[in-house]
Q: 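Quick one: structure below, then a few questions.
These values consider heavy atoms only, across backbone and side chains, with no hydrogens, waters or symmetry-generated copies. Order of listing sets the numbers, starting from 1, for every ligand and every atom in it.
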Amino acid sequence: MKEEIYTIPVMDAFNQDGCPFCAMRRKLEKDSIDFMLGPSYMEDDIRMETDRKGFCRRHLVMMYEQQNRLGLALMVGTRLKRVIKNMSVLPKETSAKRKGFFKKAEEAGSSAYGTVLGSCYICDRIGGTFDRYVSTFFYMWPKEKELRAAFEKSPICVPHFAMLRESGKKYLNGTHEGEFQAKLSETEDKILAKLDADLDLFIRKFDYRYKDEPEGDSRDALPRAINALSGEDGA
Ligand SMILES: [Zn+2]
Ligand SMILES: [Zn+2]
């Protein structure tokens with residue numbers, strides 16, 4: 001089974017704090033940044049792809065912060081040359097030819113500027129592996145007790161709750177799907193209710209009348225609520 005090779009990173013993510021699916025993405029992002037700035041950028045097939053797609057701002061900035069200025073300059077340099085070349089074929093004046101160009105691009109479902117705006121090699125790389133992790137999670141779900149136990153305690157963020165709700169329909173069926181969806185809702189309800197109470201307490205503590213009330217788990221309720229509502233950075 002191709003999924004077996006991913007069972008370890010999936011289980012590892014469940015043994016960390018916070019949303020395990022955010023943890024998977026965070027790890028994939030870190031590995032991808034290291035990979036890009038390792039010897040990979042000298043490999044022709046990878047460079048062909050990075051030249052064609054480019055990178056999003058978030059990932060350019062993350063690579064810039066890694067101090068491999070030559071490696072990044074080489075990648076950005078050839079991408080820039082590609083953009084200059086692609087720009088040169090964009091029609092310049094208002095003309096029937098120009099209108100035809102943009103209409104054709106729209107019909108093909110893409111922006112006429114797609115080749116100059118690009119996408120992101122790293123986002124795509126993360127997305128591809130993350131999808132395999134999700135399929136591995138569902139492959140493990142029916143039989144791994146350890147995973148189920150960890151799942152019940154996991155603060156799944158709202159975006160990943162929605163992702164799991166949809167993916168569960170795709171990867172599971174019959175009793176397994178029913179059980180999974182029920183457990184997912186039950187877990188999420190509990191997590192969000194606790195967070196709601198913690199955040200209420202956090203707010204109350206600004207009022208002097210409650211200054212002697214024990215702070216419980218309220219201290220980090222605000223960053224936890226931000227992560228719960230929007231997923232963590234890079235996730
Ligand atoms: Zn998440
Ligand atoms: Zn990106």
Side-chain angles (χ1 to χ4, degrees), residues 6 9-38 40-41 46-47 49-66 68 71-72 75-76 78-80 82-83 111 113-138 141 147 150-168 171 180 183-185 187-192 194-195 220-235:
Y6 292 122
V10 168
M11 207 57 239
D12 280 352
F14 274 89
N15 289 322
Q16 291 177 36
D17 289 339
C19 170
F21 292 90
C22 284
M24 288 174 208
R25 291 201 71 105
R26 207 169 44 233
K27 171 87 169 49
L28 286 174
E29 185 173 55
K30 190 192 170 299
D31 290 350
S32 291
I33 298 286
D34 293 346
F35 171 80
M36 287 321 302
L37 297 173
S40 71
Y41 63 80
I46 292 172
R47 277 295 280 286
E49 280 291 286
T50 60
D51 289 354
R52 190 171 69 79
K53 293 183 176 174
F55 300 98
C56 68
R57 179 172 176 83
R58 172 182 171 81
H59 290 135
L60 282 169
V61 170
M62 284 181 86
M63 286 192 285
Y64 186 73
E65 283 163 358
Q66 292 301 308
N68 179 352
L72 183 58
M75 282 189 281
V76 170
T78 50
R79 168 68 187 154
L80 181 62
R82 167 76 81 110
V83 168
S111 149
Y113 300 104
T115 58
V116 293
L117 292 173
S119 54
C120 176
Y121 180 82
I122 294 180
C123 283
D124 289 353
R125 189 172 189 268
I126 295 170
T129 313
F130 183 74
D131 290 347
R132 301 285 299 277
Y133 283 0
V134 172
S135 104
T136 302
F137 167 79
F138 284 109
W141 174 262
L147 178 81
F151 181 80
E152 285 181 33
K153 290 188 217 118
S154 292
I156 308 277
C157 70
V158 173
H160 284 138
F161 166 82
M163 179 280 290
L164 288 170
R165 171 72 84 221
E166 287 307 306
S167 309
Y171 289 107
F180 170 74
K183 191 54 80 185
L184 175 63
S185 292
T187 303
E188 193 69 0
D189 287 351
K190 244 191 275 171
I191 296 286
L192 295 182
K194 165 91 170 71
L195 187 56
D220 63 349
L222 185 55
R224 280 193 287 121
I226 291 171
N227 287 345
L229 291 173
S230 66
E232 291 170 37
D233 244 5

Q: Between Arg52 and Glu49, does any NZ, NE, NH1 or NH2 come within less than 4.0 Å of an OD or OE carboxylate oxygen?
A: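 Looking at Arg52 together with Glu49, the answer is yes, because their closest N to O distance falls below 4.0 Å.
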Q: If you count every heavy atom of other residues, nucleotides or ligands that lies below 6.0 Å from Asn15 atom CG, does the total exceed 12?
A: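 Check passes, neighbour count above 12.
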Q: Taking the six-membered ring for Trp, are the ring centroids of Phe35 and Tyr121 within less than 6.0 Å of each other?
A: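 Judged by ring-centre distance (under 6.0 Å), Phe35 and Tyr121 do not meet the cut-off.
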Q: Give the atom name of whichever N/O/S atom in His160 sits closest to the Zn ion (ligand 1).
A: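 Checking each N, O and S atom of His160, the shortest distance to the Zn ion (ligand 1) belongs to ND1.
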Q: Please note down the angle at the Zn ion (ligand 2) between SG of Cys123 and SG of Cys56, to the nearest 10°.
A: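 Result: 120°, to 10°.
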Q: Looking at Lys30, I'd like to know if its NZ atom is crowded, meaning that more than 12 non-hydrogen atoms belonging to other residues, nucleotides or ligands lie closer than 6.0 Å.
A: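 Check fails, neighbour count at 12 or below.
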Q: How is the N/O/S atom of His59 that comes nearest to the Zn ion (ligand 2) named?
A: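 That would be atom ND1.
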